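Below: one structure, written as structure tokens.
From a predicted model like this one, the values you see are computed outputs, not experimental measurements.
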Amino acid sequence: MDLTILYRGPLASCDYDCPYCPFAKHRDSRAQLAADRAALERFTAWAAGQRGDRLSLLFTPWGEGLVRSWYRRALVELSRLPHIRRVAIQTNLSCRTDWLDTADLDTLALWCTFHPGQTPYDRFLAKCRDLAARGVRHSVGIVGLPEHLEAACRLREDLPSPVYLWVNAAEGHSYTDAEADRWTALDPLFPYSRRPHRSAGLPCRTGESVISVDGEGTVRRCHFVRSELGNLYDGSFRRALRPRACPLAVCDCHIGYVHLETLPLYDVFAGGVLERIPAAPPSVPGVPRDG
């Protein structure tokens, strides 16, 4: 089996407090952190044991994972396994980077987000340049709020040219064509993010070759469809994998709509779907303004 897994355990604490973040943050107790660690170690052990499969893994924690030693250790351990095609994590890049020296950088990748107001620009940029110097596959992005435009322009100017700078449309924010054009000048793929994609009844890879897993091992087709397909650890999910149409009216998050078969994003991001790295410098001729 060739399977992509999006893992999200119970971790909810973050060292940032972004006002636009859709995730409700709180300070995890020691018991909650211990439970998250145990859940992640269980998942890591399961993934390590699936040597008959080819796995691609993306960690999408509610909070910031890389400030926790168990996430760094899991990424390193999984990156070294021959049946792991890719292991990646979404991160604000506030952690140190020396731990990457022990990882297999042919397998590991980072999806990095800059949050203005939460960390100094120069500090974040230095981390990005450090990743580039180490040879770590990574993308860098920002939320497309008007007050972030100046920082986004600085990032595009200061980042190494091969690094893809992505822009996420801000949740609940509408863009005029002129505003959208400014963001598209920085990220040619921004039109895909600008508006939710109509998805009801359309074929999607989730539930067939892509699944979502929580800390209990409950398997769903994706983070946004709550119906359960079974459990990872008893293997019951495997019987439920099959082609499925999307049951939701729209899909408005990149980690969801990237898997829609009606969009060309598996070709656009070939080899870099999980870490959001295009196969070639992005251009999107013909993308309609309604997404």
Side-chain angles (χ1 to χ4, degrees), residues 6 8 14 16-25 60 62-63 90-92 111-119 121 124 139-157 159 163-204 206 212 222-226 245-269 273 275-278 281-291:
L6 281 61
R8 178 175 287 164
C14 186
Y16 289 0
D17 187 22
C18 305
Y20 49 82
C21 182
F23 302 155
K25 296 293 195 301
T60 63
W62 293 112
Q90 295 177 318
T91 176
N92 63 25
W111 167 329
C112 310
T113 307
F114 177 51
H115 299 284
Q118 300 293 314
T119 187
Y121 175 84
F124 181 83
S139 65
V140 176
I142 196 167
V143 176
L145 289 166
E147 59 268 29
H148 291 176
L149 182 59
E150 181 180 356
C153 291
R154 288 185 67 190
L155 274 175
R156 183 61 283 165
E157 181 69 23
L159 287 171
V163 175
Y164 171 52
L165 177 69
W166 50 263
V167 178
N168 271 353
E171 187 171 355
H173 185 80
S174 297
Y175 296 85
T176 65
D177 288 347
E179 289 170 336
D181 288 345
R182 286 193 285 273
W183 289 111
T184 302
L186 295 171
D187 174 12
L189 300 179
F190 177 73
Y192 287 111
S193 179
R194 181 183 175 185
R195 293 192 180 98
H197 294 272
R198 292 184 291 272
S199 58
L202 297 179
C204 182
T206 62
S212 166
C222 72
H223 288 330
F224 314 105
V225 177
R226 301 310 300 166
C246 181
L248 304 181
V250 296
C251 187
D252 65 356
C253 182
H254 178 90
I255 60 174
Y257 66 70
V258 72
H259 304 296
L260 280 172
E261 294 185 37
T262 51
L263 295 177
L265 295 179
Y266 264 48
D267 293 329
V268 172
F269 291 98
V273 170
E275 62 271 34
R276 201 170 179 174
I277 296 179
S283 61
V284 286
V287 176
R289 287 190 182 275
D290 67 358

Interatomic distance, [X] atom [atom1] to [Y] atom [atom2] [nearest 0.5 angstrom]:
{"X": "Asp187", "Y": "Ile142", "atom1": "CG", "atom2": "CD1", "result": "11.5 Å"}
{"X": "Asn92", "Y": "Gln118", "atom1": "CG", "atom2": "CD", "result": "8.5 Å"}
{"X": "Ser174", "Y": "Arg195", "atom1": "OG", "atom2": "CZ", "result": "7.5 Å"}
{"X": "Phe269", "Y": "Ile277", "atom1": "CZ", "atom2": "CD1", "result": "9.5 Å"}
{"X": "Asn168", "Y": "Arg194", "atom1": "CG", "atom2": "CZ", "result": "15.0 Å"}
{"X": "Tyr16", "Y": "His115", "atom1": "OH", "atom2": "NE2", "result": "7.0 Å"}

* Asked: CD of Glu147: more than 12 outside heavy atoms within 6.0 angstrom?
  ->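 Yes, CD of Glu147 has more than 12 neighbouring heavy atoms, counting only those of other groups under 6.0 Å.
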Heavy-atom closest contact ([X] atom, [Y] atom, distance):
{"X": "Ser193", "Y": "Ala169", "answer": "OG-N, 2.8 Å"}
{"X": "Pro282", "Y": "Leu189", "answer": "CB-CG, 3.6 Å"}
{"X": "Phe124", "Y": "Cys112", "answer": "CZ-CB, 4.4 Å"}
{"X": "His148", "Y": "Val143", "answer": "ND1-O, 2.9 Å"}
{"X": "Arg226", "Y": "His223", "answer": "NH1-O, 3.7 Å"}

* Using a 4.5 Å cut-off on heavy atoms from C-beta on, say whether the side chain of Thr206 contacts that of Val225. =>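 No. Closest side-chain heavy atoms not under 4.5 Å.
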* **Close side-chain approach of Val140 to Trp111, heavy-atom, < 4.5 Å** => no
* Ignoring hydrogens and angles, tell me if any N or O in the side chain of Arg156 forms a donor-acceptor pair with the backbone of Leu186 under 3.5 Å. =>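 Not confirmed, Arg156 side chain does not pair with Leu186 backbone.
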* Asked: So, Tyr121 side chain and Leu155 main chain: donor-acceptor pair closer than 3.5 Å or not?
  -> yes
Report, one line per pair, each donor and acceptor closer than 3.5 Å where one atom sits in a side chain of residues 245-266; sequence neighbours left out.
unit_1	atom_1	unit_2	atom_2	d
Tyr257	OH	Tyr192	O	3.4
His259	ND1	Tyr266	OH	2.8
His259	NE2	Ile255	O	3.4

* Asked: When you check the side-chain N and O atoms of Trp166 and Ser139, is any donor under 3.5 Å from an acceptor?
  ->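 Side-chain D/A pair, Trp166 to Ser139: present.
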* Aromatic rings Phe190 and Trp183: how do their planes relate, parallel, tilted or perpendicular, breaks at 30° and 60°? -> tilted
